[in-house]
There are 2 protein chains.
Amino acid sequence: MGSVRDSFREYLSDHGLKTTRQREIILDEFLSSPSHLSAEELYLRLRSNHPNIGYATVYRTMKLLADSGIASERHFGDRQTRYEPNIGEEHHYHLICNGCGKIIEFENGAIEQLLLDVAGEHQFTLSHQRLELYGMCPDCKARK
Amino acid sequence: MGSVRDSFREYLSDHGLKTTRQREIILDEFLSSPSHLSAEELYLRLRSNHPNIGYATVYRTMKLLADSGIASERHFGDRQTRYEPNIGEEHHYHLICNGCGKIIEFENGAIEQLLLDVAGEHQFTLSHQRLELYGMCPDCKARK
DNA sequence: TTACAATTGAAAATGATTGTCAAGTTATCA
DNA sequence: TGATAACTTGACAATCATTTTCAATTGTAA
Ligand SMILES: [Mn+2]
Ligand SMILES: [Mn+2]
Ligand SMILES: [Zn+2]
Ligand SMILES: [Zn+2]
């Protein structure tokens with residue numbers, strides 16, 4: 001369970017970076033928060049217990065978490081970068097409601113395979129993919 | 001094939017908006033330019049023949065073209081919104097090289113159907129989807 | 001033509017993110 | 001256990017794409 005912290009420590013030390021109080025606090029808050037948070041949202045959550053942690057530090061740390069593979073960056077409709085933990089998560093895609101912002105995650109091996117095939121046909125070596133569906137959820141449709 | 005201009009005029013008039021010299025010039029330039037241009041790139045191209053067309057007008061007009069269905073907005077890796085004409089284009093996805101920025105378009109009915117199925121399973125009414133693959137093209141791999 | 005709402009261009013404002021820098025911390029090793 | 005060098009932090013300024021503002025101009029219905 002503490003292994004995420006350990007692997008972050010390891011990543012930092014392997015890259016000549018330092019383990020700091022702020023970085024550990026931010027990691028903890030990230031792991032105990034709902035998924036798909038933006039740096040700003042995380043900063044706001046931290047603010048109450050750690051009012052002295054700076055805005056830029058949260059941004060910098062989220063970038064480190066992404067680089068270390070602990071977090072994944074996501075870009076949905078709005079302009080903010082969002083993050084979600086990579087821990088024990090299957091590779092998944094997102095279905096997003098334009099009305100209420102609800103995010104539904106789904107996996108689909110068939111789609112995944114077809115995408116790999118497409119990349120292969122073009123002799124591309126894939127680094128990452130982005131796949132999101134946007135629409136109205138049943139609740140929002142009813143509410144109208 | 002002035003029909004795109006006609007449908008833009010129709011869209012404008014149907015929405016209580018006006019057909020202006022600038023809007024027609026911008027539409028023409030858009031249609032005769034390579035695809036996946038950003039508003040700024042379009043502005044730069046217009047600059048030589050129409051140095052008096054303002055930056056904001058290009059932004060505003062591209063938004064209108066998207067709203068009218070003549071153009072589609074695209075968001076690739078960089079931070080700019082890009083546009084491509086919707087005319088006679090099949091619905092397609094993009095494969096983008098991280099090295100040289102090359103963009104390969106592909107269609108895939110099987111993927112499209114699977115995505116529709118996913119949306120259906122969750123009773124979502126889809127408005128749009130985003131699907132891009134990022135990686136290294138064969139040229140860029142060789143060059144390294 | 002007139003009358004009036006829509007549009008324009010220039011410049012300022014916005015908002016997310018990144019850069020700067022002086023002061024504070026961390027890891028190392030003598 | 002220090003001394004030291006390198007990294008980090010927080011506050012704030014800077015960026016960059018895009019949007020807004022506003023006074024002057026233009027399109028259009030009648
Ligand atoms: Mn997710
Ligand atoms: Mn395209
Ligand atoms: Zn909803
Ligand atoms: Zn390439």
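Numbers restart at 1 for each chain; the letters A, B, ... are given by sequence-line order, proteins then strands.
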Task: Residues touching DNA chain C, which here means a heavy atom under 4.0 Å, drawn from residues 34-43 of chain A - done: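 Nucleic-acid contacts, sorted: none.
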Task: Contacting residues from residues 62-77 of chain B, given that a heavy atom lies under 4.0 angstrom of DNA chain C - done: none
Starting at atom [atom1] of [X], determine the distance to atom [atom2] of [N], rounded to an integer number of angstrom.
| X | N | atom1 | atom2 | answer |
| --- | --- | --- | --- | --- |
| Ile53(B) | dT8(C) | CD1 | C1' | 10 Å |
| Leu12(B) | dA5(C) | CG | C1' | 15 Å |
| Arg23(B) | dT7(C) | CZ | C1' | 6 Å |
| Leu46(B) | dG9(C) | CG | P | 11 Å |
| Asp78(B) | dA16(C) | CG | C1' | 16 Å |

Task: Estimated bend of the helix from dT1(C)-dA30(D) to dA30(C)-dT1(D) (axis per five terminal pairs, rounded to 10 degrees) - done: 30°
Open item on the list: So, taking the atom named CZ in Arg47(B) and the one named CG in Asn49(B), what distance separates them when rounded to the nearest 0.5 Å?
Closed with: 12.5 Å
TODO: Could you tell me the separation between the CG atom of Leu131(A) and the CD atom of Glu112(A), rounded to the nearest 0.5 Å?
DONE: 10.0 Å
Open item on the list: I want to confirm an ordering. Mapping Val58(A) and Arg79(B) to their closest nucleotides on DNA chain D, which one lands closer to the 5' end?
Closed with: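 Its nearest nucleotide being more 5', the pick is Val58(A).
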- [ ] Check the pair His94(A) / Glu132(A) against side chain to side chain donor-acceptor pair (under 3.5 Å), numbers first and verdict last.
- [x] CA-CA 5 Å; His94(A) 297 91; Glu132(A) 294 124 35; 5.6 Å; no
Task: Sequence-distant partners of His50(B), ring pair (Phe, Tyr, Trp, His ring centres under 6.0 Å), two or more places apart - done: none
- [ ] Not counting sequence neighbours, which residues clear ring pair (Phe, Tyr, Trp, His ring centres under 6.0 Å) with Tyr59(B)? List them please.
- [x]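 For Tyr59(B) the ring pair (Phe, Tyr, Trp, His ring centres under 6.0 Å) partners, ignoring immediate neighbours, are Tyr55(B).
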Task: salt bridge (Lys or Arg N to Asp or Glu O under 4.0 Å) pairs, two or more places apart, involving residues 15-24 of chain A - done: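 Listed by first then second residue: Arg5(A)-Glu24(A), Arg9(A)-Glu24(A).
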Determine whether a donor-acceptor pair (N or O, by modelled atom type, separation under 3.5 Å) exists between the side chain of [X] and the backbone of [Y].
| X | Y | result |
| --- | --- | --- |
| Thr57(B) | Ile53(B) | no |
| Asn98(A) | Met136(A) | no |
| Glu41(B) | Ser38(B) | yes |

TODO: Scan residues 4-27 of chain A for pairs that pass ring pair (Phe, Tyr, Trp, His ring centres under 6.0 Å), counting only residues two or more places apart or in two chains.
DONE: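 Sorted result for residues 4-27 of chain A: Tyr11(A)-His15(A).
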Task: All pairs passing ring pair (Phe, Tyr, Trp, His ring centres under 6.0 Å) where residues 104-124 of chain B contributes a residue, at least two apart - done: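 Pairs touching residues 104-124 of chain B that pass the test: Tyr93(B)-Phe106(B).
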Task: Pair Glu84(A) + Arg74(A): basic N to acidic O under 4.0 Å - done: yes
- [ ] Hydrophobic side-chain clustering at under 4.5 Å (ILVMFWY, transitive links): who's grouped with Ile103(A)? Put none if nobody.
- [x] Phe76(A), Ile96(A), Tyr134(A)
Task: Exercise: identify the closest heavy-atom pair between Ser72(A) and Asn86(A) - done: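 Of all heavy-atom pairs spanning Ser72(A) and Asn86(A), the closest is OG-ND2, 2.8 Å.
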Open item on the list: For chain A and DNA chain D, what are the first and last nucleotides along the strand, 5' to 3', with at least one atom under 4.0 angstrom from a heavy atom of the protein chain?
Closed with: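 Using the under 4.0 Å cut-off, the span is dA6(D) to dT18(D).
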Open item on the list: Applying a 4.0 Å non-hydrogen cut-off, can you work out what Thr81(B) is touching in the nucleic acid: base, sugar-phosphate, or nothing?
Closed with: sugar-phosphate
Task: Any Leu42(A) side-chain heavy atom under 4.5 Å of Phe30(A) side chain - done: yes
Open item on the list: Each nucleotide in nucleotides 19-30 of chain C should get exactly one letter: B, S or -. Can you fill that in based on protein heavy atoms under 4.0 Å?
Closed with: BB-----BS---
Task: Residues in side chain to side chain contact (heavy atoms under 4.5 Å, CB included) contact with Pro34(A), at least two apart in sequence or another chain - done: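 If we apply the side chain to side chain contact (heavy atoms under 4.5 Å, CB included) test to Pro34(A), skipping adjacent residues, the hits are Leu37(A), Arg45(A).
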